[in-house]
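Contents: one structure, followed by commentary.
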Amino acid sequence: MTKAHKATNQEQFLLRRKMAVEGLGEDQWEGLIHDLNHHPCVDFAEREPNGTLQVTYDGTHWSVDELLELIKANGGRLKTGWWSRRKLAWYRVTDDNVRANAKHEPFCCSKIPPMKRK
């Protein structure tokens with residue numbers, strides 16, 4: 001069964017992020033999930049049993065860097081390691097691509113180009 005998205009989010013620009021977070025107690029996890037689920041740009045957030053945060057957000061209005069700031073504000077941090085750094089870099093690239101695609105105005109390439117007048 002699929003989950004209904006928030007009305008404010010554009011489904012085609014939703015980004016799903018999975019991050020290993022450490023340094024949070026049980027109350028801090030609950031606060032973080034509560035803050036994320038009540039954020040207008042976040043569609044859905046949950047904690048998985050192994051300490052992994054799974055977040056789906058609107059990439060046109062929010063970024064992974066803002067997510068990291070919210071995690072740090074609640075007292076957490078990402079697990080360090082090569083794979084975490086690699087995923088974070090990839091998340092930043094795809095965030096930029098989604099923002100660029102949202103601003104792009106499509107055009108028809110089969111139209112006849114305008115004629116110059118003499």
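All of these numbers come straight from a predicted model, not from anything done at the bench. Just so you know, these numbers use all the heavy atoms, side chains as well, and skip hydrogens, waters and symmetry mates.
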Worksheet entry | Heavy-atom closest contact (Gln28 atom, Asn74 atom, distance) | NE2-O, 3.5 Å
Discussion item. Is the shortest side-chain heavy-atom distance between Asp43 and Arg16 below 4.5 Å?
Written reply: no
List the atom pairs, donor and acceptor, that lie under 3.5 Å between side-chain atoms in residues 65-73 and the rest of the protein, sequence neighbours left out.
| unit_1 | atom_1 | unit_2 | atom_2 | d |
| --- | --- | --- | --- | --- |
| Asp65 | OD1 | Arg92 | NE | 2.8 |
| Asp65 | OD1 | Arg92 | NH2 | 2.8 |
| Glu66 | OE1 | Ser63 | N | 2.9 |

Worksheet item: Of all residues at least two apart in sequence or in a different chain, which pass the salt bridge (Lys or Arg N to Asp or Glu O under 4.0 Å) check with Lys18?
Response: Glu48
Fill in: Whether Trp62 and Tyr57 hold their rings parallel, tilted or perpendicular, with breakpoints at 30° and 60°
perpendicular
Item to complete: For residues Thr60 and Ala102, report the shortest heavy-atom separation together with the two atoms involved.
Response: CG2-CB, 3.3 Å
Practice prompt. Flag the pair Val21 / Trp29 as yes when at least one side-chain heavy-atom distance between them is below 4.5 Å, and no otherwise.
Written response: yes
Item to complete: Mind checking the CG-CD spacing from Leu36 to Gln54? Nearest 0.5 Å is all I need.
Response: 12.0 Å
Worksheet entry | Considering all heavy atoms, the nearest Ile33-Arg47 contact | CD1-N, 3.8 Å
Item to complete: Test Asp95 against Arg17 for side-chain contact (heavy atoms from CB on, under 4.5 Å), laying out the working first.
Response: CA-CA 11 Å; Asp95 281 354; Arg17 303 295 185 227; 3.0 Å; yes
Worksheet, complete the sentence: Distance col, row Cys41:SG vs Leu14:CG, nearest 0.5 angstrom, shows 10.5 Å
Worksheet, complete the sentence: For Arg99 and Gly59 the tightest heavy-atom approach is CG-O, 3.7 Å
Fill in: Whether Asn37 side chain and Ala45 backbone form a donor-acceptor pair below 3.5 Å
yes
Practice prompt. To the nearest 0.5 Å, tell me how far Asp27 CG sits from Leu32 CG.
Written response: 12.5 Å
Worksheet item: Which value, rounded to the nearest 0.5 Å, describes the distance between Thr56 atom OG1 and Phe44 atom CZ?
Response: 7.5 Å
